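Beneath this line is the structure, given in structure tokens, with notes to follow.
Here is the naming used below: chain letters follow the sequence lines, and residue numbers restart at 1 for every chain. Note that the coordinates shown come from a computational prediction; the quantities given were computed from them, not determined experimentally.
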2 protein chains.
Amino acid sequence: MALFVERGYDKTTVGDIAARAGLTERTFFNHFADKREVLFSGSDQFVKQIVDAVRATPKSASPLDAVLAGYESTSDMFAERRPFARKRSEMIAAHPDLLERELIKMMTLAGAITNVLEERGTPASSATLASETGAAIFRVAFEAWIHDPKEHSLTFQMRAARRQLERVVGRAKRVARS
Amino acid sequence: MALFVERGYDKTTVGDIAARAGLTERTFFNHFADKREVLFSGSDQFVKQIVDAVRATPKSASPLDAVLAGYESTSDMFAERRPFARKRSEMIAAHPDLLERELIKMMTLAGAITNVLEERGTPASSATLASETGAAIFRVAFEAWIHDPKEHSLTFQMRAARRQLERVVGRAKRVARS
DNA sequence: GTCTATAGTCCGATAGAC
DNA sequence: GTCTATCGGACTATAGAC
């Protein structure tokens, strides 16, 4: 990350990264499948955290509630890392390669959540919809969280996004203008 | 596509593709930014089709209705190409590289739709939510459409997915088990 | 069209930890 | 003795510079 900020993502070679870490290029590829993965190394843990939280929600909760509870369980973790999250987010947004990787990670996560919902007895297509909808809410909330000068929590942003989604999905002919 | 089917995506080099087309490797990169793009060449037209359709829906329609109308406008186009769509979909699903590209294309499309909604007067975050939700519905519907032995239309699948989403998003404590 | 850097693979060698 | 981490060299394909 330091190197990427110093000289830019494209201008940083795998050799550079390895050298800075006191290793060789081969060793790098031993730990990471490709260059992009260095920015996503924590993602397994992130997935586990969320999946566990979904699994732990009472069965009385609706599928969507369970999904949102899963994402919200990361709120504390993110709270301490807002500046880093902001930087990382900018870096990803600026590099299509990284954005692609980010998207496939989010999709893998959504798939894992779908599986947990199915374990809980949710029918397949409802599970998919709940998990994809939850992901959309998370993305909107995360974006708001990153840029919010008032620094509300991620959970706060997710609750707001959820209420808004309910209005958007409702069959009402007219939608409030703000 | 022929080459990819013949010898597999990974085993096909850009040189192979260029040779088959009677061109050189450099010329290939003149037309496509990278190897993956050959499978997404029609995507600009796809985006235009949908964006135009969203723009053309009456303002009385809700944002989500407009988004869905956009996606549904591709139903006829897809109807004639079900076998090809199926093959392409399998190819993409089998190759993470291609899946990444597919996802970023879908995200670009969602972004374009969001912009059109904003032009129509929908507030930014509602626009994002409507467009992301619409994308989720499309994905679920497309998946069902591809595998449906009864060969219902894409529009049919989208209507079904939408009804299901409404149940999923509703605040009901209990959700129907099928 | 030429030339070149970089990413990423394959096979194998080596060394330390437990 | 097995497991795991590092390293080396040769190699191909992608992709960018010119």
Original post:
A:Asp34 has an atom CG; how far is it from atom C1' of D:dT14, in whole Å?
Top reply: 14 Å

Original post:
So which nucleotide from D:dT14, D:dC7, C:dA7 ends up closest to the side chain of B:Thr13?
Top reply: D:dT14

**OP:** Would you mind reading off the distance between B:Phe29 atom CZ and D:dA17 atom P, rounded to a whole angstrom?
**Re:** 13 Å

Original post:
Which of these nucleotides, D:dT6, D:dT14, D:dA10, is closest to any side-chain atom of A:Arg26?
Top reply: D:dA10

**OP:** Would you mind telling me which residue lines up with the more 5' stretch of DNA chain D, A:Gly22 or B:Asp10, judged by nearest nucleotide?
**Re:** A:Gly22

Subject >> Nearest-angstrom distance from the residue atom CG of B:Asp97 to C1' of C:dG8 >> reply: 11 Å

Subject >> From D:dT14, C:dA7, D:dT6, nucleotide with atom closest to A:His31 side chain >> reply: D:dT6

Original post:
For the residue pair B:Phe28 and B:Asp34, what are the closest heavy atoms and their distance?
Top reply: CE2-O, 4.0 Å

Original post:
Between atom CZ in B:Arg7 and atom C1' in D:dA13, what is the gap in whole Å?
Top reply: 14 Å

Original post:
When the nearest nucleotide of DNA chain D is assigned to B:Glu25 and to A:Lys11 on a heavy-atom basis, which residue is associated with the more 5' position?
Top reply: B:Glu25

**OP:** Please tell me which of the listed nucleotides, D:dT6, C:dT9, D:dA15, lies nearest to the side chain of A:Leu23?
**Re:** D:dT6

Subject >> Rounded distance (Å) that lies between atom P of C:dA7 and atom CZ of A:Phe32 >> reply: 14 Å

**OP:** Assess the side chains of A:Arg120 and A:Thr57: does a donor N or O sit below 3.5 Å from an acceptor N or O?
**Re:** yes

Subject >> Between D:dT14 (P) and B:Tyr9 (OH): distance, integer Å >> reply: 8 Å

Original post:
For B:Glu102 and B:Ile92, which heavy atoms make the closest approach, and how far apart are they?
Top reply: OE1-CD1, 3.7 Å

Original post:
Atom CD of B:Glu37 to atom P of D:dT14: distance rounded to whole Å?
Top reply: 15 Å

Original post:
Within a strict 4.5 Å, meaning less than it, do heavy atoms of the B:Phe138 and B:Glu72 side chains meet?
Top reply: no

